[in-house]
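What follows is a set of notes on a single structure, which appears directly below.
Note that ligands are numbered from 1 as they come in the structure, with each ligand's atoms numbered from 1 the same way. Hydrogens, waters and symmetry mates play no part in the numbers below; they use all other heavy atoms, side chains included. These figures come from a predicted structure and were not determined experimentally.
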Amino acid sequence: MLNCEQKYLIAPSILSADFARLGEDVDKVLAAGADVVHFDVMDNHYVPNLTIGPMVCKALRDYGIKAPIDVHLMVKPVDSLIPQFAEAGASIITFHPEASEHIDRTLQLIKDQGCQAGLVFNPATSLSYLDHVMDKVDVILLMSVNPGFGGQSFIPQTLEKLREAKQRIIDSGRDIRLEVDGGIKVDNIAAAAEAGADMFVAGSAIFNQPNYKSVIDEMRQQLESIK
Ligand SMILES: O=C(CO)[C@@H](O)[C@H](O)COP(=O)(O)O
Ligand SMILES: [Fe+2]
């Protein structure tokens, strides 16, 4: 599960990792200081790309990965995959509200499986989906790109949406993580944090550099600067 004590969490997206050596690469990024493994699941239906499923999540656990695994489901329908990911060792499962016929039921299903639950908002998806389910949400994930691919550019309007989501979290009085995903780099992570984010997904910014530790250290320095 997520470490609630730690103010900011860095979650490398393994979409940009070396799939031929996935266990080693995930070990390497965790040893470099990452907190959470962000695991992007795409079905070539809800999004135009096809990635990895529960077997790969289980393989990472069997390999010895102990860090929280944050499963970002970009699939439709979602419910049938939830027990499979919980069984495979997922810690957090998030899904897009447009991909579920019954959002409250899907959130409850995730929690019943012993995982933390979250909703994911595309750039043009309204936060009003949160209106009646704040009590069931552990994580709110705002996409700062359209889902489907790594390596896209951060959409600046996300900053205003992060502020709105943060206000909703404050108003709820609950301890909810605010995650941002897409185009996060050393030069914009502080702006996302200032707008309210406290969990940062970064794929290409970390895995496309030879020294993961230096990127993660620079990201933490940026976050330190706004404390
Ligand atoms: O969910 C997604 C894309 O749909 C993300 O998790 C990306 O994989 C992040 O990659 P970068 O934008 O950081 O390269
Ligand atoms: Fe993601």
Show which atoms of ligand 1 fall inside a sub-4.0 Å distance from at least one heavy-atom site of [X].
X: P147; value: 4 (O)
X: G182; value: 12 (O)
X: A202; value: 13 (O)
X: G151; value: 11 (P), 12 (O), 14 (O)
X: V201; value: 6 (O)
X: H38; value: 6 (O)
X: H72; value: 1 (O)

Exercise. Would you kindly specify which portion of S204 sits under 4.0 Å from ligand 1, judged on non-hydrogen atoms: side chain, backbone, both or neither?
Key: both
Is there a heavy atom of [X] sitting under 4.0 angstrom from any atom of ligand 1?
X: M42; result: yes
X: V145; result: no
X: G183; result: yes

Is the closest side-chain donor-acceptor distance between [X] and [Y] under 3.5 Å?
X: S100; Y: T106; value: yes
X: N122; Y: H96; value: yes
X: Q221; Y: D217; value: no
X: T125; Y: E98; value: yes

Quiz prompt | Lys/Arg-Asp/Glu bridge criterion (N-O < 4.0 Å) met for R163, E160 | solution =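 The answer is yes: the pair qualifies as a salt bridge.
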What heavy-atom pair brings [X] and [Y] nearest, and what distance separates the two atoms?
X: I93; Y: I110; value: O-CD1, 3.5 Å
X: Y129; Y: L119; value: O-CD1, 4.1 Å
X: S126; Y: F121; value: O-CE2, 3.3 Å
X: T51; Y: D40; value: OG1-O, 2.8 Å
X: P147; Y: P48; value: O-CD, 4.4 Å

Quiz prompt | Angular separation of OD1 (D40) and ND1 (H72) seen from the Fe ion (ligand 2), to 10° | solution =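 Value returned, to the nearest 10°, is 90°.
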Quiz item: Which one of I206, T94, D181 has a non-hydrogen atom at the shortest distance from atom 5 (C) of ligand 1?
Solution: D181
If you measure every N or O of [X] against every N or O of ligand 1, does any of those distances drop under 3.5 Å?
X: G148; answer: yes
X: G203; answer: yes
X: M74; answer: no
X: N146; answer: no

Quiz item: Is a side-chain donor or acceptor of D198 paired with a backbone partner of L178 at a separation under 3.5 angstrom?
Solution: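 At least one qualifying donor-acceptor pair exists.
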Quiz item: Is the side chain of K161 donor-acceptor paired with the backbone N or O of P123 at a distance under 3.5 Å, no angle test?
Solution: yes
When you measure from [atom] to every protein heavy atom, which one gives the shortest distance, and what is it?
atom: atom 3 (C) of ligand 1; result: F149 O, 3.4 Å
atom: atom 1 (O) of ligand 1; result: D40 OD1, 2.9 Å
atom: atom 10 (O) of ligand 1; result: G150 CA, 3.6 Å

Practice problem: Could you check which N/O/S atom of D181 is closest to the Fe ion (ligand 2)? | Solution: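 In D181, the N, O or S atom with the shortest distance to the Fe ion (ligand 2) is OD2.
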Quiz prompt | Gap between atom CZ of R177 and atom CG of L141 - 0.5 Å precision | solution = 12.5 Å
